[in-house]
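Labels below follow one simple rule: chain letters A, B, ... track the order of the sequence lines, proteins then strands, and each chain is numbered from 1.
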Number of protein chains: 2
Amino acid sequence: MRADATKNREHLLAVAGAVITEQGVDASLRDIARRADVGLATLFRHFPTREALLECLLHARFDEMAARADELEASSSPADALVSWLHEFLSYTHSYHGVVASMMAAIQDPQSALHASCVTMRAAGTRLLTRAQSAGAVRTDIDGTDLFALAGSLAWLGDQPSMAPRVDHLVSIVVEALLTTSAKPAAGPSNPGS
Amino acid sequence: MRADATKNREHLLAVAGAVITEQGVDASLRDIARRADVGLATLFRHFPTREALLECLLHARFDEMAARADELEASSSPADALVSWLHEFLSYTHSYHGVVASMMAAIQDPQSALHASCVTMRAAGTRLLTRAQSAGAVRTDIDGTDLFALAGSLAWLGDQPSMAPRVDHLVSIVVEALLTTSAKPAAGPSNPGS
DNA sequence: ACCTGAACACCGTTCAAGT
DNA sequence: ACCTGAACACCGTTCAAGT
């Protein structure tokens, strides 16, 4: 790649990151090119689709999230690791308005530039989920895609200004529904002590 | 209103209903006017905003949903009424792709043409929720807006083609989290038979 | 009183023409 | 090899001009 091309590409990514953080994933591509002082067609050749641009922006953080799952797997209890990771997923997606819709579309479209990253993300969550299920900490009637769906729907809720303040509360209710240890300790003492 | 105006208005509503059912709430208004064989400006004067058009399309069904809540209140147990109503809410919103996002925005914007209808809808759900809570059938740490949020997030999930098949399962999990009677019968024999 | 075509400022996408 | 301006077909919104 020619030197000016690399420079354009990097500058475009920086500007796109700022604009999308500010306006969401449906921000005007024309506006991004304009702010980057670059021809619109230049943006399109570097990133042939909006999703290709998104992928370059998100790739690093997606990998971090996968690595974070490994860390949590080593350092926390199965249930805590899963719950912590879910919270980090939510706070991350919250910084790019509308990104969950793109992720939901990409996860089942192998043609999408975002596909691989989403599969990686789902795999990381699935790892934590199955570990928690093996430990008997989480109900076994859901799989990694169900977890992905629940996380996505809660993330979407966080994108709605009217509902954002209540998301933490609703997350705790959904988490409680997943954990088998929430056996209503007050209700019945099935096996309380050792 | 002049006779031709009424005719235009009704024809526009019929066409808009068809197009939006087909393409979702973000369908092109220009396309709707075109299919209705009417000038674009005519559509704009009858319905000054997209939400005003949506409101006219949804109003009747919103009222039906509120009436349906009353019926269920009279005919079913508190828990069954709430769960049935939630399912009807989901199957209804499913027929207008993207409508839940509009509802979430409208519920806290009194300026929105959709505001009143959404408040009515939330009130209907709240009625069933508080009845179930009074009967001790549903957890008391959520209110009508939480219910609206959960219903909305599940409806959004149903709009995502990749996740639609799993929504029923996830709904049942969320419902179980709301009901206080879901004391995990398989886990511990607290009170199995009579 | 109501309708309409045209204008305006946007958008994503493509491509011939430049260097 | 890379960039760009201009063209194209869209979009929502507005308004002067028609009947």
List in numerical order all residues of residues 97-112 of chain A for which some heavy atom is under 4.0 Å away from an atom belonging to DNA chain D.
none

Could you tell me the separation between the CG atom of A:Leu114 and the CE atom of A:Met104, rounded to the nearest 0.5 Å?
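That separation rounds to 12.5 Å.
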
Look up atom CZ in B:Phe47 and atom CG in B:Leu13, then write down how far apart they are to the nearest 0.5 Å.
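One finds 4.0 Å between CZ of B:Phe47 and CG of B:Leu13.
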
Between the protein and nucleotides 4-7 of chain D, are there any N/O to N/O pairs under 3.5 Å, and if so, what are the atom names and distances?
{"unit_1": "D:dT4", "atom_1": "OP2", "unit_2": "A:Gly39", "atom_2": "N", "d": "3.0"}
{"unit_1": "D:dT4", "atom_1": "OP2", "unit_2": "A:Thr42", "atom_2": "OG1", "d": "2.9"}

From the list C:dC2, C:dG12, D:dG12, which nucleotide is the closest neighbour of the side chain of B:Arg2?
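Nearest listed nucleotide: C:dC2.
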
Value in whole Å for how far the [atom2] atom of [N] lies from [atom1] of [X]:
X: A:Phe44; N: D:dC2; atom1: CZ; atom2: P; result: 19 Å
X: B:Glu10; N: C:dC2; atom1: CD; atom2: P; result: 14 Å
X: A:Asp26; N: D:dG12; atom1: CG; atom2: P; result: 15 Å
X: A:Leu12; N: D:dC2; atom1: CG; atom2: P; result: 14 Å
X: B:Ile32; N: D:dC10; atom1: CD1; atom2: P; result: 16 Å
X: B:Arg9; N: C:dC2; atom1: CZ; atom2: C1'; result: 14 Å
X: A:Gln23; N: C:dC11; atom1: CD; atom2: C1'; result: 13 Å
X: B:Arg35; N: D:dC11; atom1: CZ; atom2: P; result: 11 Å

Please report the closest heavy-atom contact between [X] and [Y], naming both atoms and the distance.
X: A:Ala69; Y: A:Arg127; value: CB-NH2, 4.0 Å
X: B:Arg61; Y: B:Tyr92; value: CB-OH, 3.1 Å
X: A:Leu82; Y: A:Ala132; value: CD2-CB, 4.4 Å

Only pairs with both distances under 3.5 Å count, Watson-Crick or wobble alike; so what is the partner of C:dC11 in this structure?
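WC or wobble partner does not exist here.
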
Can you tell me the base-pairing partner of D:dT4? Count Watson-Crick or G-U wobble geometry only, both distances below 3.5 Å, and say none if there is no partner.
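Base partner found: C:dA16.
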
Give a yes-or-no answer on whether the side chains of A:Glu51 and A:Ser102 include a donor-acceptor pair shorter than 3.5 Å.
no

Can you tell whether the side chains of A:Arg34 and A:Asp31 come within less than 4.0 Å, N to carboxylate O?
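Salt bridge present between A:Arg34 and A:Asp31.
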
I'd like to know if the side chain of A:Ser172 and the backbone of A:His169 have a donor-acceptor N/O pair within less than 3.5 Å.
yes

Taking atom NE2 of A:His115 as the centre, does the number of heavy atoms from other residues, nucleotides or ligands within less than 6.0 Å exceed 12?
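It does: A:His115 NE2 has more than 12 such atoms within range.
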
